[in-house]
Amino acid sequence: MTRFIHDLFAKEYLEELLSPLGTVNIGRDVTSEVREIDVYFTFFNLKSKI
């Protein structure tokens with residue numbers, strides 16, 4: 001959940017910036033604790049099979 005407009009802007013900016021490089025999820029819940037991740041990023045697998 002976003003409290004401030006600049007927080008939402010930063011999350012959306014990072015999503016646009018990182019999306020060509022991998023998968024980006026904004027506002028992802030963490031199941032082990034009652035917390036939320038603001039930005040979760042994983043790189044695409046860029047290794048080619050030979």
Side-chain angles (χ1 to χ4, degrees):
M1 181 168 183
T2 304
R3 294 184 182 186
F4 302 106
I5 191 69
H6 64 271
D7 188 35
L8 177 61
F9 172 78
K11 290 177 186 179
E12 290 176 349
Y13 181 79
L14 285 171
E15 181 179 30
E16 289 296 319
L17 182 69
L18 297 172
S19 63
L21 302 173
T23 304
V24 182
N25 296 314
I26 56 174
R28 185 172 180 175
D29 292 330
V30 178
T31 57
S32 63
E33 296 180 21
V34 183
R35 295 187 180 227
E36 183 178 307
I37 298 172
D38 287 334
V39 178
Y40 183 80
F41 173 73
T42 54
F43 276 107
F44 289 139
N45 187 2
L46 299 177
K47 295 180 182 178
S48 61
K49 296 181 180 179
I50 299 175

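These numbers come from a predicted model, not from an experiment.
To the nearest 0.5 angstrom, Phe43 atom CZ is 11.5 Å from Thr23 atom OG1. For the atom pair Leu18 CG and Thr42 OG1, the distance stands at 10.0 Å (nearest 0.5 Å).
Contact between Leu21 and Phe41 at its shortest, heavy atoms only, is CB-CZ, 3.9 Å. Taking every heavy atom of both residues into account, Glu15 and Ile26 meet most closely at OE1-CD1, 3.8 Å.
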